[in-house]
Amino acid sequence: MVELTLARNFPPADEAAWKALVEEALKGAPFASLRSESYDGIAIEPLYARAQGAQRIAGRAAGTPWSIMQRIDLTDAKAANTQALADLNNGANALNLVFEGAVGDYGYALPATRAAISEALDNIYLDAGIAVELDFGPPSRQAAKLMAEHVRAKGLKPSALDLRFCFDPLGARATRGAFPAPWAEFAPVVTGLIGDLAAEGFKGPFAVADGRPVHAAGGSEAQELAFVLANALAYLRALEAHGFELDEARCLIFFRLAADQDQFFTIAKFRALRKLWTRVEQACGLSPRPAFICAETAWRMMTKRDPHGNIVRGTIAALAAAVGGADAVTVLPFSAALGAPDAFARRIARNTQTILIEEANLHRVTDPAAGSGAIEALTDALCQTAWWFFQRIEKAGGAAEALETGLIQRVVARVRAEREANVARRREPILGTSDFPDLAEDKVAVFAAPRSEEVAPAASALPRTRLADPFERLRDRSDAYLAAHGSRPKVFLACLGRAADFNARASFAKSLFEAGGIEAVEANGDNLAKRFEDSGAALACLCSSDKVYAREAVEVARAHAAAGAKHIYLAGKPGADRAALEGAGISTFLHQGCDTLAILNAAYDEI
């Protein structure tokens with residue numbers, strides 16, 4: 001047998017040779033400029049050596065595909081049943097029934113009634129290997145009992161079914177801002193319901209530690225991990241107090257994390273959760289068992305504008321969750337932020353996972369990221385940071401007390417503010433929304449469905465955010481302007497010099513303004529001020545190189561001011577010529593990292 005080495009025709013490479021090439025490419029910039037930092041303060045290096053002695057993390061068995069789970073979340077149970085059957089007949093093997101008021105209620109959800117459950121599950125054979133999750137909240141917690149009644153009415157054996165009852169009072173407290181009663185009084189009620197279901201023969205799991213409230217509120221990876229770990233421990237204690245043995249109680253708990261487009265941190269987060277829960281099990285005197293972990297692609301990364309970009313984001317997130325060892329994955333359909341997704345969007349969500357399983361074969365290897373220097377380093381760093389915050393929650397009295405005193409809300413709010421500032425400055429770009437928008441994008445069809453009843457959360461609730469929302473509100477203003485005036489608000493890009501001088505900055509300015517729905521009208525050559533007047537634009541922006549600005553910017557700016565420009569911008573930093581440029585009428589300088597949202601909102605005030 002001849003061994004083929006793919007690298008045999010290439011010269012050997014080492015880190016020193018790589019660094020030499022990097023330093024040449026940096027053109028004098030320090031090597032440290034390639035390093036970055038996560039929202040948890042974790043250092044991210046540009047290159048990692050292979051991790052030595054790394055052990056695979058026990059989770060989903062090799063060769064076992066994760067469950068392809070589809071959300072069933074329409075208020076019309078008959079329409080929900082049609083969707084569920086279509087999903088199951090076309091690749092899905094698990095359903096997530098989302099009820100009103102659940103953590104996963106994004107505006108469309110099933111009513112928690114006997115009739116709705118019966119109709120939504122009509123002709124669905126629960127004993128045929130189909131996994132079903134019940135995602136319910138305080139307004140719909142009776143869904144658990146109603147589901148048990150449905151099973152009895154069908155004559156099914158509870159122990160033969162793969163049903164996950166999602167009791168998550170702490171997650172509900174985080175999203176709604178209040179407990180129905182103090183935790184010490186409410187916990188026995190929840191564990192009593194779980195005990196009743198277990199006594200009927202349902203095998204569970206019954207309680208879920210769900211990280212989506214923290215993630216959707218803009219929290220960091222370590223904060224999400226600490227939150228689910230603290231919640232799971234609270235449920236473990238409550239179940240033990242109810243009379244369950246610890247070894248049995250831990251099997252009644254499962255986890256759910258959000259998966260987003262940060263591929264490496266998502267992989268590391270799912271791996272870290274298994275390591276963290278193993279540490280809790282060991283501290284309880286238990287021999288570790290692989291936890292069951294579900295994934296749902298993140299709500300906060302979904303966009304209304306250029307929604308087809310959500311297909312890419314969802315694919316990256318699903319891939320990362322699968323590589324990280326998720327046991328079940330739900331991909332939000334790409335049009336979810338616009339309304340109830342139609343059959344096409346749901347098919348894309350299903351097929352995303354089918355391709356990852358059937359064509360990419362991601363399930364063939366257990367923990368395929370094991371040994372990767374980058375993933376191992378990020379996993380360990382997340383474990384350390386999350387454990388520190390978990391201990392802080394425990395010292396505050398546990399998850400319930402930390403929510404009541406606002407500890408969790410405050411630390412999440414600090415990260416959210418930092419994240420929103422980076423989005424506003426386009427340091428965290430949203431493709432198709434804050435960067436490279438398409439003002440002529442086609443409308444995307446959604447399913448005509450009534451929305452579920454919305455209950456305003458209390459002030460202490462974790463807010464549910466989408467990072468694209470501030471830019472989308474500006475685009476809505478642009479649409480309103482178009483409807484009222486027959487054209488969009490415009491900015492005139494006065495491009496000076498040759499194409500080589502202005503192309504880069506003109507593209508930058510176009511992307512910046514059109515992210516807010518302000519159409520960029522580009523021109524170069526002679527008579528720019530006259531062409532500005534003819535364009536119908538109220539705003540003007542000079543675009544060129546620093547060298548050309550030094551020769552021409554002052555004169556061109558004055559001409560545009562005389563032609564009636566309400567506001568004149570310059571693409572680039574002013575440098576030593578700031579006083580002269582501002583004296584000529586230039587008010588705002590556009591550069592990487594500037595507060596784009598503030599600039600665009602001020603532009604609408606000018607218009």
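We're numbering straight along the sequence, starting at 1. Atom set for the values below is all heavy atoms of this structure, side chains included, hydrogens, waters and symmetry mates excluded.
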- prompt: Taking Asp469 for the side chain and Arg466 for the main chain, is one N or O donor matched with an acceptor at less than 3.5 Å?
  reply: no
- prompt: Side-chain contact, heavy-atom cut-off 4.5 Å: His150 with Lys154?
  reply: yes
task: Mark yes or no for whether Tyr235, through its side chain, and Arg250, through its backbone, hold a donor-acceptor pair below 3.5 Å.
output: no
query: Taking only residues at least two apart or on different chains, which pairs with a member in residues 102-113 satisfy side chain to side chain donor-acceptor pair (under 3.5 Å)?
result: Asp105-Ser452, Tyr106-Glu296, Tyr108-Arg451
message: Assess whether a salt bridge exists between Arg164 and Asp162, defined as any Lys/Arg side-chain N lying under 4.0 Å from an Asp/Glu carboxylate O.
response: yes
- prompt: Between the main-chain N or O of Ala172 and the side-chain N or O of Thr175, is there a donor-acceptor pair closer than 3.5 Å?
  reply: yes
- prompt: Taking atom NZ of Lys203 as the centre, does the number of heavy atoms from other residues, nucleotides or ligands within less than 6.0 Å exceed 12?
  reply: yes
statement: In terms of heavy-atom contacts, Ser434 and Ala515 come closest through O-CB, 3.5 Å
- request: Say whether, by atom type as modelled, one donor and one acceptor occur between the side chain of Ser460 and the main chain of Gly177 under 3.5 angstrom.
  value: yes
task: Establish, from distance only, whether the side-chain atoms of Asp40 and Ser220 form a donor-acceptor pair under 3.5 Å.
output: yes
task: Find out whether Leu121 and Met147 are in side-chain contact, i.e. whether some heavy atom of one side chain is under 4.5 Å from a heavy atom of the other.
output: yes
- line: Sequence neighbours excluded, the answer for side chain to side chain contact (heavy atoms under 4.5 Å, CB included) partners of Ala461 is Pro457
message: I'd like to check Asp87 versus Arg350 (side-chain heavy atoms, cut-off strictly below 4.5 Å). Are they in contact?
response: yes
message: Using 0.5 Å steps for rounding, measure from the OH atom of Tyr39 to the CD atom of Glu418.
response: 6.0 Å
message: Salt bridge or not between Arg237 and Glu394? Use side-chain N to carboxylate O under 4.0 Å.
response: yes
message: Please check this pair: side chain of Arg60 against backbone of Ala328, looking for a donor-acceptor N/O pair closer than 3.5 Å.
response: no
- line: Looking only at heavy atoms, the pair that brings Ala268 and Ile375 closest together is CB-O, 4.3 Å
query: Should the pair Glu119-Lys78 be classified as a salt bridge under the 4.0 Å nitrogen-to-oxygen rule?
result: no
message: Has Glu472 got a side-chain atom pairing as donor or acceptor with Lys304's backbone, closer than 3.5 angstrom?
response: yes
- prompt: Does Thr297 reach the main-chain N or O of Leu332 with its side chain, forming a donor-acceptor pair under 3.5 Å?
  reply: yes
field: Cationic N near anionic O, under 4.0 Å, Arg212 to Asp135
entry: yes
- request: Would you please indicate yes or no on a ring centroid separation below 6.0 angstrom for Phe167 and Phe136?
  value: yes
- prompt: Are any side-chain N or O atoms of Asn351 and backbone N or O atoms of Thr354, one a donor and one an acceptor, separated by less than 3.5 Å?
  reply: no
query: Can Glu428 and Asn422 be counted as having a side-chain donor-acceptor contact under 3.5 angstrom?
result: no
- prompt: Below 4.5 Å, heavy atoms only, C-beta onward: do Phe436 and Asp306 meet side chain to side chain?
  reply: no
Minimal non-hydrogen separation, Ala112 against Ala143, with atom names: CB-CB, 4.2 Å
message: I'd like to know if the side chain of Glu401 pairs up with that of Trp183 as donor and acceptor (distance under 3.5 Å, no hydrogens or angles considered).
response: no
query: When you measure from the side chain of Ser140 to the backbone N and O of Glu100, does any donor-acceptor pair fall under 3.5 Å?
result: yes
- request: Identify the heavy atoms of Ala217 and Thr465 that sit nearest to each other, and give their distance.
  value: C-OG1, 4.1 Å
message: Arg114 vs Glu149, test: salt bridge (charged side-chain N to carboxylate O under 4.0 Å, His left out). Steps then yes/no.
response: CA-CA 8 Å; Arg114 185 177 290 101; Glu149 288 181 13; 2.8 Å; yes
- request: Identify the heavy atoms of Asn310 and Met301 that sit nearest to each other, and give their distance.
  value: OD1-O, 3.9 Å
task: Output yes when a side-chain donor or acceptor of Asn81 lies under 3.5 Å from a complementary backbone atom of Ala120, and no otherwise.
output: yes
message: I need the minimum non-hydrogen distance between Val444 and Ser335, along with the two atoms involved.
response: CG1-CB, 4.0 Å
field: Selection residues 266-276 - residue pairs positive for side chain to side chain donor-acceptor pair (under 3.5 Å), sequence neighbours left out
entry: Glu224-Lys269, Asp260-Thr266, Arg271-Asp367, Arg271-Glu376, Arg271-Thr379, Arg274-Asp327, Lys275-Asp380
field: Within 6.0 Å of CZ in Phe186, more than 12 heavy atoms from elsewhere
entry: yes
Charged N-O contact under 4.0 Å between Arg305 and Asp476: yes
- request: State the CG-CG distance between Leu382 and Leu225, to the nearest 0.5 angstrom.
  value: 6.0 Å
